[in-house]
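Here is the structure we will look at, set down as structure tokens.
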Amino acid sequence: MKTGGCLCGAVRYEISLELTPVTFCHCSMCRRWHGHVGAWAAVDRPGIAVTEARGLRWYASSPKVKRGFCGECGSSLLWDEDGEEKMGVCVGTLDEPTGLRPKAHIYLGSRGDYYEVPEDGLLRRNELRT
Ligand SMILES: [Zn+2]
Ligand SMILES: [Zn+2]
């Protein structure tokens, strides 16, 4: 069982199934929403339970995607996409040790112009998203 939550504690969750390895998303939407690159893992929906939802709010960032965040402290927390078996979790909100390892960089074609992504042995995908 893993646990996690927002900065202020108004959102807490438990993870009871295996999380995927971590994907770093460089798309412009993630950069705005996280303040920088998004770091994501995902878990089958039955494997996540929100144990404190007092602060939980959802923002529909596209027609099929809702992003969950804390309305009290602003932490970015969850990704809920229609038709997806898994829910995304912002791995920076997990309590440590996470036991996770990184896997890939995605949307590198939409990377910000203010940083580089050194060759680090991870998968690299160059999709564009504006
Ligand atoms: Zn909070
Ligand atoms: Zn993204």
Side-chain angles (χ1 to χ4, degrees):
M1 181 79 77
K2 291 179 170 43
T3 55
C6 70
L7 185 58
C8 77
V11 182
R12 295 288 301 170
Y13 59 81
E14 290 178 352
I15 305 281
S16 56
L17 295 174
E18 192 175 5
L19 283 159
T20 63
V22 177
T23 295
F24 300 103
C25 186
H26 297 263
C27 85
S28 57
M29 294 173 74
C30 278
R31 284 186 291 107
R32 285 190 192 277
W33 193 59
H34 297 268
H36 186 43
V37 178
W40 294 100
V43 63
D44 287 335
R45 287 176 184 274
I48 182 165
V50 175
T51 53
E52 173 57 73
R54 176 165 43 94
L56 186 59
R57 304 285 183 277
W58 294 94
Y59 171 68
S61 61
S62 62
K64 294 177 76 171
V65 174
K66 294 193 296 291
R67 293 173 185 251
F69 63 99
C70 178
E72 298 193 16
C73 71
S75 297
S76 307
L77 292 156
L78 300 169
W79 170 285
D80 182 357
E81 181 167 355
D82 286 356
E84 283 291 320
E85 287 174 17
K86 291 181 189 291
M87 180 165 284
V89 177
C90 299
V91 296
T93 66
L94 285 163
D95 300 329
E96 293 181 295
T98 68
L100 297 177
R101 298 298 302 160
K103 177 182 178 185
H105 294 282
I106 63 171
Y107 287 99
L108 280 172
S110 300
R111 170 178 66 81
D113 64 3
Y114 59 93
Y115 64 97
E116 303 292 335
V117 182
E119 208 39 80
D120 56 8
L122 303 186
L123 287 171
R124 298 170 78 92
R125 287 174 30 198
N126 292 305
E127 318 91 317
L128 274 166
R129 176 187 284 160
T130 52

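Keep in mind it's a predicted model, so treat the numbers as computed, not measured. One-based numbering, in listed order, for ligands and for the atoms of each.
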Centre-to-centre under 6.0 Å for Y107 and H26, is that the case here?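 No, the ring of Y107 stays outside the 6.0 Å limit from the ring of H26, centre to centre.
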Centroid separation under 6.0 Å, is that true for the rings of H34 and F24?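 They do not qualify: ring centres at least 6.0 Å apart.
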Any N/O/S atom of H26 sitting less than 2.8 Å from the Zn ion (ligand 2), backbone or side chain?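 Checking H26: none of its N, O or S atoms is under 2.8 Å.
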Gap between atom CG of L78 and atom CG of L56 - 0.5 Å precision: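 CG of L78 is found 6.5 Å from CG of L56.
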To 10 degrees, how wide is the angle SG (C27) to the Zn ion (ligand 2) to SG (C30)?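 An angle of 110° at the metal.
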How open is the angle at the Zn ion (ligand 1) from atom SG of C73 over to atom SG of C6, rounded to 10 degrees?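 It rounds to 110°.
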Check this for me, if you would: do R45 and E84 make a salt bridge, where the nitrogen-to-carboxylate-oxygen distance has to be below 4.0 angstrom?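 Looking at E84 together with R45, the answer is no, because their closest N to O distance does not fall below 4.0 Å.
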